[in-house]
Structures are given as structure tokens and as C-alpha cells.
Amino acid sequence: MPTIVVEVMPKAELLDPAGKAVAGAIHRLGENRITDVRLGKRFELHVDGEVDDALLDTARQLAADLLSNGVIEDVVSVHVADDAHASTGA
Amino acid sequence: MPTIVVEVMPKAELLDPAGKAVAGAIHRLGENRITDVRLGKRFELHVDGEVDDALLDTARQLAADLLSNGVIEDVVSVHVADDAHASTGA
Amino acid sequence: MTVRVGVVTFPGSLDDRDAMRAVRLAGAEPVALWHGEHDLKGVDAIVLPGGFSYGDYLRAGAIAARSPIMAEVIDAANGGMPVLGICNGFQILVEAHLLPGGLIRNDHGDFIRRDQKLRVESTDSAWTNGFTAGQEIVIPLKNGEGGYIADDATLDRLEGEGLVAFRYVDVNPNGSLRDIAGLRNERGNVVGLMPHPEHAVEAGFGPDTDLAMRSGTDGLTFFTSVLKQSVLN
Amino acid sequence: MSDAVAPAIPQPDTVDNAIATPDKHQPYDALGLKADEYQQIREILGRRPTSGELAMYSVMWSEHCSYKSSKVHLRQFGQKVSDEMREHLMVGMGENAGVVDIGEGWAVTFKIESHNHPSYIEPFQGAATGVGGIVRDIISMGARPVAVMDALRFGAIDHPDTARVLPGVVSGISFYGNCLGLPNIGGETWFDPVYQANPLVNALAVGALRHEDLHLANARGVGNKVVLFGARTGGDGIGGASILASDTFSEGGPTKRPAVQVGDPFAEKVLIECCLELYREGLVEGIQDLGAAGISCATSELASNGDGGMVIDLDAVLLRDPSLTAEEILMSESQERMMAVVEPSKLDAFLAVTAKWDVETSVLGEVTDTGRLVIHWRGEKIVDVDPRTVAVDGPVYNRPMQRPEWLDALNADSARALPRASDDSELRAQALRVLGGPNQADASLITNQYDYYVIGNTALAMPDDAGMIRIDEESGLGVALATDANGRYCQLDPYAGAQLALAEAYRNVAATGANPRAVSDCLNFGSPENPEVMWQFARAVEGLADGCLELGIPVTGGNVSFYNQTGDVPIHPTPVVAVMGVIDHVDRRLPSGWQDEGENLYLLGVTRDELDGSAWAGVVHEHLGGVPPRVDLAAEKNLAGLMAAAAEEGLVTSAHDLSDGGLIATLAEGVLRFGVGARVWLTELMERDGIDATAALFAESGARMLVSVAREDDVKFRGLCEGRLVTVTRIGVTDGEIDGLDVQDRFTLSHAELAAAHRHTLPERFGAVVGG
Ligand SMILES: Nc1ncnc2c1ncn2[C@@H]1O[C@H](COP(=O)(O)OP(=O)(O)O)[C@@H](O)[C@H]1O
Ligand SMILES: [Mg+2]
């Protein structure tokens, strides 16, 4: 089943407390080459049938309107998954 | 600044109420080609310096040990971001 | 000899003082333990209290499970010391693999606070031996990520071995599979649950009962149980 | 997406530069300064301000920070005071929060503040950071925060945008407060189309301290260090500041900075514990939280309140975003930061404590006696001002006021003209509608998301009339708090409306058995530039000040929020009043519902045919007009005295005040609290007070309370009422045999019907309540 992946990240200029907490944990583990972490969301939209351009457009619309909050988040990608990166749908 | 992206998804065979809630919202908007949604996490690890194989290995280790809980989640990808998909770090 | 019960404070722990109070009201001596140390201060039992350790932004309990003191807690637990994880403490136990499965965001998506009815399913543990099997108790519940999940094989094993310690009654407040509210380990020394027994130990500040407003003290039995156990040992 | 390459940092606009380029155009208007205000700044400085100075003045002289339109009115709170009001006041208005002595060496500090506009833009973060901000005010007084409350106003319940705003606001408050470990012990939820594009999010925090732990925001002691600690400074909430540097960019323009702030309750929780440890160790001379106006506010206020001078090196500020300009650093509203004044000999110990809590800390500069606040950046002097001109001596306006022309017509349009129920079955139907009205309906959907158990000292919380917290575990000493405001009444008469808000909060506190002791307020109004709004504001402040004087409890602090309007239409005046009361032992507190059968139900106070502005008029007839119920503060005072005595002597088993929705709402909530039914009769009441059944059930006359009394205490209780000049009528009995409410000879409402009517309204719109 094809999958559309939508990736949403907190806006770069805003505080990302979650990313900060993860970065802190990584530093406590002694890894300091990783300076900063940001934590966003990854949606997998499982599709029944083909993914045509119209559906991708719909997905982009959903990403902007429903899956992200434009005030504090950016949609960084909407793409069809290559199988390697998609987990299998239940 | 280079960025390593780690993607984590809930295990396919386990319940994902958050994904289900999103799917419900999408269906209420009248979009039924999207049958199922799963909601996972996307980490951006910002790196100071080059990303070499050793660091990528470290990132894989972190992904498995810290960034995901293997009992309920799968790491679906650890990769260096192509610029288009990474938001810029603050 | 007074029994000494350690209560660990992580950054972001909230119910640590409440857990200390509960220990005191049960007749034991509370001992404050600090996440950043490797020192259990010779305690007889340990409580991992509720809260939002490290903000719980990654996965609830995930970062705390990797803190210095947890190395000692894990060793002690494996050696048979009674350990009780309450809410965030339960999440930490799960992240530390002292109990199986995982806890995810409530199915309805919101934080929920309610006086929750539970059934005690197992009295074979350090923290539940003072209850009677099947006893129904009311314990405050308050969490955002209390949905218990595990795969079917694990769930079946938990049921088969009698490791489900508490089950939600009447209302499943967070979508937990098989209404699981709390677990014990095989040995019975480690118990974790989402509801907060330390908030039902003092009349006037607990859940409502049929007798009087906020007079419920069903939670006290957790702490007197461990006292009994430790005195016997 | 922004360019990966950080824009070149512009050259700072130095003091020398300002002197050299006197005619340089400055975007003062875009920063909200009027031409004459800009001129005033030039006169104060004797030159044009640097862009950094302009940043500081513009935020500090804003309405929000300077109170320039409200100051002349707020003065009354300090003038209309009696000795009785001063008796327990340790710190009054003018500090971060007022401090009140509650006895046994304990003091309490509490304050309510608005975060209205941010909560409309981004409901979750706006509300969350509102809680965070008010809690920092409490910490900065040296107190441990012990509880929060929230007073909320939303647009119409069925408007689609309310479905966006309400869940966001509620989960934001829930997230931040729960994560901080502060019990949420009460608040309010109102819906009205007047708040449609302008919801009100007022957050209250209360803290406790020993008398000797009091800390104040001042920078004294020349040579003492000025230390910034907590979260790093980032680009949050800068909004307009970015334009300041814009004309120094050669091309591409400034990075657009967001106006929203993101909260990190975990960082604040750690900051609380860290501050309390610093206080315990005696390592802090003065302290100030960073809220609106960030470093600009903290430095100028600390300096003004202290020895008058301070020198700061802005490069020492730890940044989250290295591309910030000096102006942006000065204006950033990044959350979870504090500024302390520390003796040099104690600095190492101070740093050890912040390190223990993993709280990042930097020393920015020191206290001087030069009378100047001097700020350096990149080796240049970019600010050199008298801090008092920034923080204290801002502009003060005596804005024109005008009584609205529409008011006479509105007052003439009384609810008396509305048709009343023609028979008992219609009366019954109206009762159910009122109980399910959005503003009377059960708010569990909201309050179930708030933790009230944490800390283990909550003696009363939702749905009781007031929240109550035990302060001293040994003695049982505690405080009760309630917030109230009825915008509908304030629209009809802002003077009376403000007093009714005060009276209601006061009565709610009294209902618990506590003695009301102090007041904080959050005055939410439309634009002060509208003379009608200004008139409403002035009348409300006057009403509140007069009311406090009569009740003998001081206003200890608060907050003004102007510009609450949708387009040109201002909100109803909404002065949210918080009253704090003291109880010697929380064991004596009174629940809001009866739990035992066979007890007598007494109605205290007099009921008049007062339906103007009532829930009945609003829900049944969609009507707002007439004049609000009569204010009788003497009666409120008698009633409160009676309740405290009754609680003290254990003569009353429950008490619930009467307010919106009238007697029927109080009765229904009494039944629903513990599920014990009641039989009531209205005849005696109707005859004595000369009213009909509609007024008996729905009138919203003040100074009334419903109490349950065990039979053996009947005589004593009636005696007490007589002695304290409180009118009393037995109107019913509690009865376990009765399913719900039996209003004798008129109608019955089963428990299930009451529950359905009262509990369906919010879930119908916003999703099910867990567990029903
Ligand atoms: N409505 C009001 N009633 C009483 N005092 C007020 C009111 N509004 C503001 N104040 C007082 O004016 C002072 C400045 O208020 P504010 O700027 O909100 O304080 P802070 O700087 O701590 O945020 C405070 O002492 C506050 O208590
Ligand atoms: Mg302040």
C-alpha cells in the first residue's frame, strides 16, 4: 500500500523544549558533536490505490491545514515513501 | 551545519491512537483515499563539523537506545539530511 | 527498627514530597534520593514518584530511566528490593525494562484527572500484600500518557502469570489494553501503576467517598504493605 | 524557510552614533510610540535614542508595561484604604505581587494576570506561557508557588473558532500547570459572542512564604552582581523589534521574528526549585522575573527600585540564536528566565546552586550608584539612560471619558417585560435550559484536565465554590481563593458590575468558611482610546475600590488588559476579581454539596425580583438589558461573618453560594455534588420576599447562600443567624429517598435529568468527558 510521508518540524526560531531535553540527554551520555536537536513529527498516510498528483496536492493541503500549526511549525516535506523508509501499515 | 535525521514510528502491530485520531479527522474532512495514519517522530540532530561514519554509527546507536523504545517503536531511518528536508537550526 | 523508604527526585518530579508524606503516614521513614547520585543511602525500599521527569518530552520516563541513580535502582530491583513506580515512576520502570510494554499518549489525547476505581488483581507483591484479591479501591489518576500497550504475546503472558496488579473498573481512562492500570514483576518486588496511591493517604486530601468529601485513604495500604514485607524480611 | 546562512549582524547603534546622527529617522511609530512620546524621549536624553534605547522605551512605555491610561484610576486602590485593610498587608501594589500576612508567621502572595492576545493567536502556547508568567511573579517574591487558577472567556460556544481556541487554551493551561506540579484549584469559564475574536485568558498564581523569606525586586549594594539565569534568550515574542535593525541591513531585510512565545514548563519547574534553594541559602539580594519586555524591564525596574544605577554587558547574555541583534535581545520575551542581584562574595555559592539544577547562568554586570543604566554590546555603549525614565516615569494619560449614549436605552430595557413561564411545566423546562446554559453548565470537560492533587494540600477544588490550600501541615492553616466577574452585569453598569464581581468572589470564599482577607484583579477592557471604554474602566475601578473599602479588604495587585475588542466592538467590561481568604484549620472547611440525608436546607439572605442580566434572561430569552441586582456589601459582610462562625462551630454541613442561574442552579449543584436528593418548597420564600416562582428560582440577588444543617444543630444555627442579622428561611430537606430534586407542588427533576441537563453542554461541542 503506498504511503505519503508528511514531515513537520517546529519553527527554527522558536524554542523547542523537546529537542532541548533530548540534546541534554545526548550530552549527558557524552556525545558533544551533536550540538542541538529538534523534535518534530512524521506522519505516514496510508493510501488505498494510486498516489496521483491530485492526492499529493490534497496531502499538501492537509499537511498545511491539519497536520501542522503554521504559527509554530513548518511542513518540511510531503513525499511518497520509498519502501525502505516506511513502516508497514497495520 | 550538517544534520542527521532520525525517524521513529510506532510499531506497526501496536495500537497508535494518535494516528487513528488524525485519520478520523481526515475522514471527517471527506478524504477517504487515505485509509490509515500513523504518527511518529522526526529528530534532527545538528552536528558541529563533518558527519563521518563513526558519528553516523553513534547516531544509529542513539536512535536505538535513546530516541526510540524498541518495545513499542521502530527506527525507520537514520540519514544525513539533504538540505531541502532539514529545517535550519536556530 | 524503622523501615527506610527512599523516594527519588528527578528534575521534573512533582509528587516526590507527597510520596514522602505517604511513607511517613504509613509509619516508615522517608529518605530523599537524588537522581544524579549513585547512592541509595541504605534504604529498604524505593519509590519512583510521579511527575514529568525532564519534561517527558521524548517519551515519558525515557530520560530519567537513564539517569545515574537508576543504575542502582535497577541493580537493587534485580536483587529483590521493593520498588514502586507511580505514574511517571511506572513509565520509568517500563523504560528501564524492569516491567514490560510501553505507555503512550491517552487514546482521547488529553491529560485526565479523575478519582479512579481499580480492582486489585494481584496481592502477591511487596506493595499489594495488604489488599485482598479482587478488592476494589479508589485512587486518584492524573496523566497524559497512561495508555498501556504491549503485543498480544506479552499481554497473554502477563495475564497467564498473574502479573497484572491492577485493572481499571467501570471506566478505562486512557485506552490501556485489557484495562491494565498496573503491573508487578515475577518476583513481586517491583510494582508500577498509573494511578497515584500517595494522593489517597490522608483524610481531607484524597478522593471523595460515600462518607465524606475527600476522605479516601485506599492508597495507604501500598505503603503499609511494603512495611509489613520489610519487617518480615 | 530561512536561509541557512545567518544574516550579517548589523553594526550596533551606539550612543556616540546617536549623538553624531541626530536626524536619523527612527521607526518609533511602528513600535507603538506616538510622535509626542518619541519627542519626550529625545528631551529626556537630550539627543535621539539609540535603537537599543528606543527598543527599551517602546516596550516599557507600552500600555501593557506602563499602565499609562489606567494609572490615574488605579491610584484609588492605594488611597481608599482603612487601617483594617492595612493590618495584614505586608507588600502592597507596585511590586511583582502583593503579600498578605495570614498568621503564624506565614504570608501568602497571589496575583492574577491576563494573556489574552497571545492566546488568540496561538491558544496552546499563549495560555501555557500565561501560567508560566504569573508563576514567575510569585517566585520573585520569595514564595513557593502552591496553586494556580484560570479565569477564561470564550466566544459563542457554537462558533467554529471556539472549537479551536478552547481546547488549545485548556490544554495549554493543563500542560504547563500540571507539568509544574501546581494544583489548579478553580477558575471560571464563560461563553459570549463578545469574546469571539478576543478570548480572555486570566491566570492566577498563589504562593506561600515565611515572613522572613520575603524578597523584593530591587538592585541595591554598589558592586553587587547582576545575574541572568534560566532559559537562554531566543527570538520568541520579539515581533516588532526586528524592524528596529531593519534599516541597517543593506539588503534582504530583517529576519522575520515570530511574535509567539513557546513555554517550557520543565525549565520553569527546575527554575522554581533552584530559586527556592537560592533563597534558603540566603544568596539573593534582589530578584525579578522576566516577563513582558524581558531584559529591558528587568534591568530598568531593578535599577529604579534600588540604588539607581547598573552597568550591563549584553554580550554575556546566553543566546539560543546567535543571530539576534542587541535590540532583539533587549526585547526578547523568552520564557523561564530570572534576574538576580548577588553579593560578589556569594557568587560562587550562587553558581553552585544553579549548576546543581542545571540552570544556565551568566553574570551580566553590576549595580552602580551613577543613576544611569548603561548597556554595552560588542564593546560599544548602546544604552545610557536614567532607568526611572524607562520604568517609572513613563507617560501618564488622563484619557477622555464618556458615558455611552446607548446605556440609557439598555438600562430601560428591563427583563421585567419578558414573558414568564405560564405554568409549572414551562417553569421546569426553563430550569433545565438554564442549568444547561453554557455559562452554568458543568465544566468538568475542562477541569478534569487539571491536576488538583499534586502537593497533597488541596482541601477544596472544582466544583466547590472556592479552591482551598493547606499552607501549614502542622497547624492546618489554609487559604481559600475564588475568581469572579459577570461581564453582562458590567455592561449594564460597570460600577455595580465590578462590585458584584467582588461580592461574588468574596461570597465564594466565605462559603468555604474562610475569612476573606485580600483582593487581586485583572481588568479586561476594550480600547482606552475609546472614551466610552475609558468611562467603563473608570467606573469599574471606582466601584471596585469603593467596594473593597466597604468590605475592608485591600487590593494587593493585579493587571490591566486593554484593547480587547473585535474590530471596533469592545468586549463587555470584564473586571475579574480574585479574593483570598484565611481559615485557621482546613478541617473546618465546608463542602458545596450535602452528603447526608435528613438535614435542613436553609436559604440565607433576601431574594428580590432581580432578573435583569440574569442567566434566565440570557438563556431563555437571549436578552441583556435593565440594571444589575442591587449591591449590598453590608449584607455580604454579615453573611461572611456568619459563615466563618458557623464553620468554626461546626454548625453547617455544606454551603453553596447563589449567583448566576439563581436558586435552581445552586440546588441542582447541591444534588449533583454527592448524588443525595432534596425536597424543597418555595411558598414561604415567595410570600416573605413578595416574589413569584420565576424570581424565586432564577433571580440573581446577591448576599445569598444555601446551607445544609444537621437537625441537632438547628436551634443553634438559627440563633446564630438572628444574632448576625442574616435573614434565614428553611426551604427544604435533604432526602435520600428522593431521586434528584422535588420542588414541591411544582415539578420534580430526577437526578438523571439534572445530570443530563447540566453535563451535556460542553461535551456536545468539544468531545466526551472521560468516564461521562
Ligand atoms: N488592576 C490592577 N489593580 C491593582 N494593581 C494593579 C492593577 N494592575 C496593575 N497593578 C499593579 O501595578 C504593578 C505593575 O503591574 P505589572 O506590570 O503587571 O507587574 P509585573 O511587572 O510584575 O508584571 C503591579 O504591582 C500590579 O500589581
Ligand atoms: Mg513581574
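Sequence lines set the chain letters: A, B, ... in the order given, protein chains first and strands last, and positions in each chain run from 1. All values derive from a computational prediction rather than experimental measurement.
- For chain D, the nearby parts of A/Leu15 are the backbone and the side chain; heavy atoms of each come within less than 4.5 Å.
- No part of A/Asp16 comes within reach of chain D, as not one of its non-hydrogen atoms sits under 4.5 angstrom from that chain.
- In plain terms, the two heavy atoms of D/Glu122 and A/Val71 that are nearest each other are CB-CG1, 4.0 Å.
- Across all non-hydrogen atoms, the minimal contact from D/Arg320 to A/Glu13 is NH2-O, 3.1 Å.
- Annotation: A/Asn32, atom CG; neighbour count of heavy atoms from other residues, nucleotides and ligands within 6.0 Å is above 12.
- For A/Pro17 against D/Gly263, the heavy-atom pair with the smallest separation is CG-O, 3.5 Å.
- Residue A/Asn69 holds its CG atom at 10.5 Å from CZ of D/Phe124, rounded to the nearest 0.5 Å.
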